[in-house]
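Here is the structure we will look at.
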Amino acid sequence: MDHETRDTINKDTNILHGGGARDPFTGALSIPIYNASTYHQSNVDVMQDFLYGRSQNPTRKALEESLAALEHATEAYAFTSGMAAISAAIMGTCQQGDHLVVTQDIYGGTYKLLTDYLPRFGITHTFADTTSLDALDKAITPDTKALFLESPSNPLLKIVDLTAVAELAARRELVTMIDNTFLSPYLLRPLDLGIDLSIHSATKFLGGHSDLSAGAVMTKSADLGRNIRFVQVFAGSMLNPQDCWLMLRGIKTLGARMKQQEQSAHTIARWLTEQSWIASVNFPGLAEHPGHDILARQADGFGCVISMATDTLQRARRIIDNVKIWSAAVSLGGVESILSYPARMSHASIPRAERDRLGIHEKLLRLSVGLEDPGDLIADLQRAAHR
Ligand SMILES: Cc1ncc(COP(=O)(O)O)c(C=O)c1O
């Protein structure tokens, strides 16, 4: 489908027909898994579409067309994990001596990459409260090359005004990138708001079934796309054909899953706000959430991830140790509901003092709402909280 049609059709239709819908060689509606690592070249002087598995693969091409369609991107690239996608976005954009301004409460793996690894290659960063344009602006230095945003942030669900940040970045000639894992392309298409790169841990909502580790980067321009592709091919972090197929299959139900899961998340978040044993609830779908109005303007929904602080440490432990329907696990975005403990799981790599400063303390639990009946999920939390 041409880009103009792709970008104007309804997003539910786009999911199924925007890109990568049919195998161009056979017409198959399920793209075959092409396991080939190399391809016969009928004339070595003529460049073929497919030459070598690391650089091109038909299953991956179909997936990347589908991903590009989902976010109205010029190009999209599929990676072995969300971290590989984040690494490619930074490495494809920055070089030695460059500096990044980064959302302060980001995923723990991104924190680790920025603090313990990239400085070895001369790429530095400053964490800032990117919900404040003023704070973000103040963190920019003459060496700043890019802004790395996470919104809603993990696990505090803070919201960045992406349109305003994109305008600021354009004035300061900075590249903007966002980790869009939490909302998925179904609810948020950052490139439409002026952001340059959108990144996903496709392990989460894009895959959707807790059976896949993968990542994706979508780009607004072909120039940025070339740089990302360079890292994908020459750092060799491309997604394998089997996992490309799994993601293609997951994407077909993305809309149905997101709609249902978000509806349940609203019910659960509202119920949580009424419980005396809950100290606070972070869910941008609640009208009182500080980012609610911004997200209502820039996205099609509020997602299905909630975080909550319990009244006591013992309560948090009791819940995580006693839930029966929720899985106590790392990760999110699957069809099964997951309850996680950021301070001990996803954000354990952030030093304790820093976590406490940010509010990622030991009474904080994160909920990824799945497809189960919301009444059963509520009853499970209620029972576990009072055991
Ligand atoms: C917001 C966010 N970004 C990136 C990642 C990393 O993704 P992956 O585990 O697929 O490498 C995660 C993982 O939990 C995440 O929650």
Side-chain angles (χ1 to χ4, degrees), residues 63 67 77-91 100 102-118 127 130 148-160 162 177-185 187-188 190 195 197-218 231-232 235 237-240 243-244 246-247 250-251 282 284 299 302-307 327-334 336 338-350 355 358 360 364-370:
L63 169 65
L67 289 168
Y77 296 101
F79 292 89
T80 50
S81 66
M83 286 313 303
I86 290 169
S87 305
I90 296 175
M91 285 196 269
L100 292 145
V102 184
T103 298
Q104 63 186 1
D105 56 314
I106 39 158
Y107 169 61
T110 314
Y111 178 93
K112 199 83 180 147
L113 177 75
L114 288 160
T115 53
D116 288 8
Y117 190 68
L118 291 176
F127 291 117
T130 51
F148 187 105
L149 311 166
E150 196 175 283
S151 176
S153 62
N154 183 3
L156 297 172
L157 287 301
K158 292 192 176 163
I159 302 300
V160 177
L162 298 178
M177 48 187 104
I178 180 174
D179 184 331
N180 190 24
T181 299
F182 269 34
L183 287 186
S184 90
L187 299 180
L188 179 67
I195 300 293
L197 297 173
S198 175
I199 309 165
H200 288 269
S201 166
T203 314
K204 313 296 181 332
F205 293 103
L206 282 166
H209 295 76
S210 307
D211 54 8
L212 166 73
S213 278
V217 179
M218 286 77 142
V231 182
Q232 185 198 43
S237 48
M238 71 291 171
L239 190 61
N240 68 64
D243 286 344
C244 288
L246 267 181
M247 204 199 305
I251 286 171
N282 305 308
F302 303 95
C304 20
V305 181
I306 304 167
S307 63
S327 295
V330 170
S331 203
L332 56 106
E336 303 87 0
I338 289 182
L339 183 67
S340 67
Y341 200 11
R344 295 295 171 97
M345 295 177 174
S346 54
H347 293 68
S349 57
I350 301 179
R355 267 195 277 116
L358 294 171
I360 309 172
L364 189 78
L365 296 173
R366 191 187 70 199
L367 301 91
S368 169
V369 179

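First listed ligand is number 1; within each ligand, the first listed atom is number 1.
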Check for me whether Ile199 has a heavy atom closer than 4.0 Å to any atom of ligand 1.
no

With a cutoff of 4.0 Å, is Lys204 in contact with ligand 1, counting heavy atoms of the residue only?
yes

For a 4.5 angstrom cut-off between non-hydrogen side-chain atoms, does [X] reach [Y]?
X	Y	answer
Ser368	Lys204	no
Thr115	Ile350	no
Asp179	Asn154	no
Val305	Phe205	yes
Glu150	Asp105	no
Pro342	Arg355	no

[X] versus ligand 1: do any nitrogen or oxygen atoms come within less than 3.5 Å of each other?
X	answer
Arg366	no
Met83	yes
Phe182	no

Working for side chain to side chain contact (heavy atoms under 4.5 Å, CB included), residues Leu162 and Ile178:
CA-CA 9 Å; Leu162 298 178; Ile178 180 174; 3.7 Å; yes

For Leu188 and Ala299, work out which heavy atoms get closest and say how close.
CD1-CB, 4.0 Å

Taking [atom] as the reference point, the nearest protein heavy atom with its distance:
atom	answer
atom 7 (O) of ligand 1	Ser201 OG, 2.9 Å
atom 6 (C) of ligand 1	Tyr107 CE2, 3.4 Å
atom 16 (O) of ligand 1	Asn154 ND2, 3.1 Å

Taking 4.0 angstrom as the limit and counting only heavy atoms of [X], give me the atoms of ligand 1 inside it, by number and element.
X	value
Thr203	8 (P), 10 (O)
Ala214	10 (O)
Ser81	10 (O), 11 (O)
Ile86	4 (C)
Asp179	1 (C), 2 (C), 3 (N), 4 (C)

Classify the ring geometry of Phe127 against Tyr111: parallel below 30°, tilted from 30° to 60°, perpendicular beyond 60°.
parallel

Can you tell me how far NE2 of His347 sits from CZ of Arg366, rounded to the nearest 0.5 angstrom?
7.0 Å

Indicate, as side chain, backbone, both or neither, the part of Ala84 found under 4.0 angstrom from ligand 1 when only non-hydrogen atoms are considered.
neither

With heavy atoms and a 4.0 Å threshold, my read on which part of Thr110 contacts ligand 1 is neither

